[in-house]
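Just so we're on the same page: letters track the sequence lines, and every chain starts at 1.
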Amino acid sequence: MHFSKLFLPTLKESPADAEVISHKLMVRAGMIRQVASGIYSILPLGLRVLRKVEQIIREEMNQIDGQEVFLPSIQPAELWIESKRWDFYGKELLRIKDRHNREFCYGPTHEEVITDIVRKEVKSYRQLPILLYQIQTKFRDEVRPRFGIMRGREFMMKDAYSFHADEEDTQYTYKKMAQAYTNIFKKCGLDFKQVQADSGTIGGNFSHEFAVLADSGEDDIGFCESCGYASNLELAESKPPAPPAPLATSEDIKEVETPGQKSVEAVASFLNIPTRQIVKTILFENENGLVAGLVRGDHEINLVKLKNLIGCEWLEPAEEKAISKHPELHCGYIGPIGIDLPVYADCEISTLQSFVTGANKPSTHFTGVQVERDLKIKKFSDIRTVKTNDPCPHCEDGRYQVKRGIEVGHIFILGTKYSSAMKAVYLDQEGKEKALIMGCYGIGVGRTAAAAIEQNHDDRGIIWPINLAPFKVVIIPVNYSNEDLKVVCDNIYDQLQKTGIETLLDNRSDRLGAKLKDADLIGIPLQIIVGAKNLSAGQVELKIRKTNESRLHPYPKFINDIPNVLKEL
RNA sequence: CGGGAUGUAGCGCAGCCUGGUAGCGUACCUGCUUCGGGAGUAGGGGGUCGGAGGUUCAAAUCCUCUCAUCCCGACCA
């Protein structure tokens, strides 16, 4: 490709509305332009990169016998009503009506459509398993889109869906899929982790997330460098506490006045005790009313863990309205003693000797509280969020590290959630009708490209991992109107093209500086700079974008070495 | 959905407080010079000041409404 023909509107300055690096650089590098909040046009350079990601994904999906399909973006409401998600999905689902006033939605995901296809065509265990995938645009009407195409409303996504006769086969595909994902993200040049994850509203009971470590990530990832255990912080397990020592002294429970001391920190400094000697009582609301969760004062309660422990439909921090219906509850002074609510406690609580809690009386706390004697706990479990330096639950001396991660992929075992709701069944060997067991496996294509930029850039611009680079090589003549240089550049270009190396020839009349700036910005891995001085000595300059390392090579001999140079990048 | 901010030339911004015929940088067009890290110089084109209404002799500027975008939070995968 000749630069002069490429539609590549690069910018010197970052757009005012971009916050994270990948967003700024994608706009500056002429890859994307915003059309509306969370909706972007992908320009030629951007599309080249997305296609690279897609192609890597396709190869790996096909490798494990996935078959590509293309599904409708507009889906009829009936299917969503059948799966019960028409109501459940809420405002994220963009609903539209056709001219006959029939209801549709723009697909945020395709479980319904794919399940509908499979249930109509699959009748027997002999036809299973089936693995279908699609790479398409989806739309989720996010409350707050941000960070460019990292979290847009319209986004390109690969989703794969698998259908199985039994659990074992599902697990088998799940594992193959995890391996395929590992291959994909490695090929994309990403530093990532496969982490244990919650399955959220997609449903199902088993899931992993692929997270690219980056400060701009929106997920918190807890991991242990010693044993490799990694989990989304929503689920990251705490190490079970050592069994409690026998009670040293039997302290009596006492009421103390603590006027105005509502937070853990305030109470701790008021009573001059460490925060770990206080037990926090946090109220939540679910479909059955209020529940209470207890964690140590220096810990944070984990909503996802608590929700999974209770096994409720939904769980949210209690709102004032719900609390005010219980006259015995006084915000800031709530405690587990004498409240008529189910109380769930973190395991660590069971090892505390004597501690402070709210007394359910304004301006009053209890001291000297003991678990056995004073508390009625419905269940003890791990319901706190781990922190950096917490001990790892899976090895001897490991410690947690907590870092931000970008969720680029997520794989789930769905079980029969959709197949039972939508009556997707098959006949087994005994002729019995059974619900199909499903798995689903997503990758954010645009997000993967954005994540690659987050991890690979410098102050001059993007540094594409070789497999994502829109062009492998850019040829930069110091002056293309110089006939000698032109002949040489054209020759290098032709030869590289013949070898199948994607090459960009910067034939613009701009000065060298401008061309170099653009080459750096758009992140082409290898720059070939052709100038009169070097050429008169029979040499051209090869510059590696990543290292900024530059060397002279003999022309034209060096052309044959280019494939090897690229291999090492 | 709650809190905060912004909207002026393609892009980045000033002007608004204190109303009086819209400016800077960059990009763009033309000429000359220059040509190894976003050149210099001379000239030139481009703006319903997000939209609607109001106050006023006069509104980018003041008031009301509205739309859009961004940030923080809640939410979500």
Discussion item. Does B:C72 have OP1 or OP2 under 4.0 Å away from a side-chain N or O of A:R144?
Written reply: yes

Worksheet entry | Residue-phosphate contact under 4.0 Å: A:R151 side-chain N/O, B:C76 OP1/OP2 | no

Worksheet, complete the sentence: Out of B:C75, B:G12, B:U69, minimum distance to the side chain of A:Q34 belongs to B:U69

Worksheet item: In terms of side-chain heavy atoms of A:K517, which of B:C70, B:G38, B:G36 is nearest?
Response: B:G38

Discussion item. Heavy atoms from C-beta onward define the side chain here; which of B:G12, B:C71, B:G38 lies closest to that of A:K12?
Written reply: B:G38

Worksheet, complete the sentence: Among the nucleotides B:G36, B:C76, B:U69, whichever has the atom closest to the side chain of A:D17 is B:U69

Practice prompt. Between B:C71, B:C13, B:G38, spot the one nearest the side chain of A:E19, thanks.
Written response: B:C71

Practice prompt. Respond yes when some side-chain nitrogen or oxygen of A:R511 is under 4.0 Å from OP1 or OP2 of B:A39, and no when none is.
Written response: yes

Worksheet item: Of the nucleotides B:U69, B:C75, B:G25, which has the atom closest to the A:E13 side chain?
Response: B:G25

Fill in: Of all pairs that satisfy salt bridge (charged side-chain N to carboxylate O under 4.0 Å, His left out), the ones with a partner from residues 403-414 of chain A, not counting sequence neighbours
A:D220-A:R404

Discussion item. Once salt bridge (charged side-chain N to carboxylate O under 4.0 Å, His left out) is applied, what residue pairs with a partner in residues 8-27 of chain A remain, sequence neighbours excluded?
Written reply: none

Worksheet item: Do A:D520 and A:Q527 have side-chain atoms, one donor and one acceptor, less than 3.5 Å apart?
Response: yes

Discussion item. Just to be sure I understand the rule, does A:D510 reach a base, reach only the sugar-phosphate, or reach nothing, if contact means heavy atoms closer than 4.0 Å?
Written reply: nothing

Worksheet item: Taking atom types as modelled, is there a side-chain donor on A:Y441 or A:S162 under 3.5 Å from an acceptor on the other?
Response: yes

Item to complete: Name the closest nucleotide to the A:V478 side chain, picking from B:C13, B:G38, B:G36.
Response: B:G36

Worksheet entry | Distance-only donor-acceptor test, A:R146 side-chain atoms vs B:C71 base atoms, 3.5 Å | no

Worksheet item: Watson-Crick or G-U wobble partner for B:C70, using a 3.5 Å limit on both distances?
Response: B:G4

Discussion item. Any side-chain N or O of A:S37 below 4.0 angstrom from OP1/OP2 of B:C70?
Written reply: yes

Practice prompt. Using whole Å, report how far CD of A:E234 lies from P of B:C75.
Written response: 10 Å

Practice prompt. Give none if B:G20 has no partner; otherwise give the nucleotide forming a Watson-Crick or G-U wobble pair with it, both distances under 3.5 Å.
Written response: B:C57

Discussion item. From the set B:G12, B:G38, B:C1, return the single nucleotide nearest to any side-chain atom of A:P15.
Written reply: B:G12

Practice prompt. Assess whether one donor atom and one acceptor atom, taken from the side chain of A:N479 and the base of B:G36, lie less than 3.5 Å apart.
Written response: no

Fill in: Between A:Y418 and A:R85, a side-chain donor and acceptor under 3.5 Å
yes

